[in-house]
Amino acid sequence: MPTTATPPFNYWLWMQAMAETLAASADPRHYGQRMRTKRLAELMRTTLEGSPFYRRRAARSVGGTPRLEDFEPVGKRELMQHFNDWATDRRITRASVDAFLSDPARLADPYLGQYMVWTSSGTSGEPGTFVQDARSLAVYDALDAVRLRSGGGAYSPLASWSVGQRVAYVGATGGHFAGNASIARLQRVVPVLARPFAPTVKVFSVLDPLRQLVTELQAYQPTLLITYPSCAAALAQEQAGGQMHLRLVETWCGGEQLSPAQRDRIRTSFGCAVRNNYGASEFFAIAWECPQGRLHLNDDWVILEPVDEHRRAVPPGGQSHSTLLTNLANHVQPLLRYDLGDRVRFVGRACPCGSAFPLIEVDGRADDTLQLNDAKGHPVTLLPLALATVIEEGADVAHFQLLRTAADALELRFESMVRDPEIAFVRSRAALAVFLARHGLSNVRIQHGLAPPIRQARSGKLCRVTALPGRAAAGGAGQHPPAAVGT
Ligand SMILES: [Zn+2]
């Protein structure tokens with residue numbers, strides 16, 4: 001049963017975050033950088049005082065003034081393994097978080113009376129659980145309002161959340177996923193008095209068949225669509241084909257790579273502006289897109305260090321193998337030099353838009369949208385995020401690759417770290433079979449591939465959902481492996 005507990009929202013912290021974020025937007029070089037230095041010092045101090053895990057990892061700096069480089073880089077798996085030693089609030093334990101997450105009705109409820117908890121959805125390979133304090137939530141809210149919604153221009157509360165705005169969020173539902181939890185929080189923290197003026201927000205499941213989504217969106221008639229690029233592109237195709245008639249003002253994309261082809265298709269089919277953003281479950285608003293269509297890093301609230309495969313610094317302009325993230329906003333479950341896995345390039349040039357926030361390019365997740373034929377030969381589109389979520393959540397298997405080998409055949413491969421691939425296959429197949437049946441695809445065969453997953457030649461990265469080279473993807477991602485989100 002849904003609860004009535006109010007999700008974490010602290011008005012004073014929100015006011016402070018808004019004021020500081022606005023001030024840094026006006027003066028990124030001086031005020032923004034000064035705040036970044038101050039916040040980093042506070043974060044390191046709180047972390048060393050409160051987190052046994054990080055204290056052990058930064059032993060060299062004990063006794064002296066800590067420096068960021070004293071913290072050894074850390075990955076998600078390691079943090080999850082040391083979950084009980086990680087948080088600075090020592091009441092936070094794996095057992096209590098898992099008990100909280102096991103109840104879907106507690107979505108966006110306050111955990112321990114004051115925190116938000118969310119998990120990464122089926123886009124990130126390794127499952128992650130993240131606890132956010134009221135300050136970090138206030139910062140994400142402020143970055144969202146000041147930079148994302150206005151494209152970095154002057155803050156206007158009416159820019160995108162205007163009266164009469166109807167927002168459709170199409171994402172992974174049915175779990176405490178970061179996007180889903182954030183939307184649920186937003187819906188519940190709007191004060192009763194403000195509700196008539198607030199936008200209507202409705203959540204749709206990316207796991208539902210595309211045909212059903214089209215019918216539901218057509219009935220709802222949103223003005224703002226928030227979703228993954230692959231989903232927006234598939235919906236744009238439906239709009240172009242005349243199956244749907246939405247009158248969108250804007251589409252916001254995130255969570256996967258937005259290719260130029262996808263952007264074009266969404267813009268021309270819907271006749272609306274397309275705004276990209278780069279965020280992750282680990283930090284919700286890493287970068288925002290300016291009117292020039294470029295990504296600016298929120299470097300007053302988050303530090304990114306591009307690194308090579310040995311986690312050594314990559315000079316400006318160079319393409320990284322991965323990126324170390326330091327979240328300057330969240331003190332309860334600190335992330336310092338956290339290996340995000342994303343390939344990022346610091347462009348090192350000024351942007352024509354005039355903003356001094358650094359320009360970055362992200363070589364993000366770009367799984368394929370798959371097209372399979374039903375028993376009558378009719379094509380059915382399957383979104384990569386939906387397929388990945390079904391396997392990750394339904395079968396509790398993270399390290400897989402799903403290949404489309406024919407119009408009616410899929411192959412599942414597993415990484416070497418999967419202890420019992422046979423059991424992983426049986427569970428994944430069972431979860432997939434239910435999903436495929438809902439899409440009218442009970443005819444599709446699912447085989448166990450014994451070969452190792454195919455990796456991207458350039459980066460060595462794994463694409464979790466892929467059409468075999470030369471076979472038909474549904475033109476979703478526009479970047480084909482043979483061989484690859486954030487979120
Ligand atoms: Zn710009």
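Order of listing sets the numbers, starting from 1, for every ligand and every atom in it. Numbering starts at 1 and runs along the sequence shown. Just so it is clear, the values below take in all heavy atoms, side chains as well, and ignore hydrogens, waters and symmetry mates.
- Judged by distance alone, the side chain of Glu305 and the main-chain N or O of Arg337 form no donor-acceptor pair under 3.5 Å.
- Relative to the ring axis of Trp301, Arg39 places its NZ or CZ within 45° and under 6.0 Å from the centre.
- Cation-pi contact between Arg166 and Tyr220: present, with separation from the ring centre below 6.0 Å and deviation from the ring axis of at most 45°.
- Salt bridge absent: Glu216 and Arg211 never bring a charged side-chain N and a carboxylate O closer than 4.0 Å.
- Using a cut-off of 4.0 Å between Lys/Arg side-chain N and Asp/Glu carboxylate O, Asp300 and Arg34 are scored as not salt-bridged.
- Taking the ring centroids of Trp252 and Tyr228, they lie at or beyond the 6.0 Å cut-off.
- For the Zn ion (ligand 1), the neighbouring protein N/O/S atoms at less than 2.8 Å, given as residue and atom, are Cys290 SG, His296 NE2, Cys351 SG, Cys353 SG.
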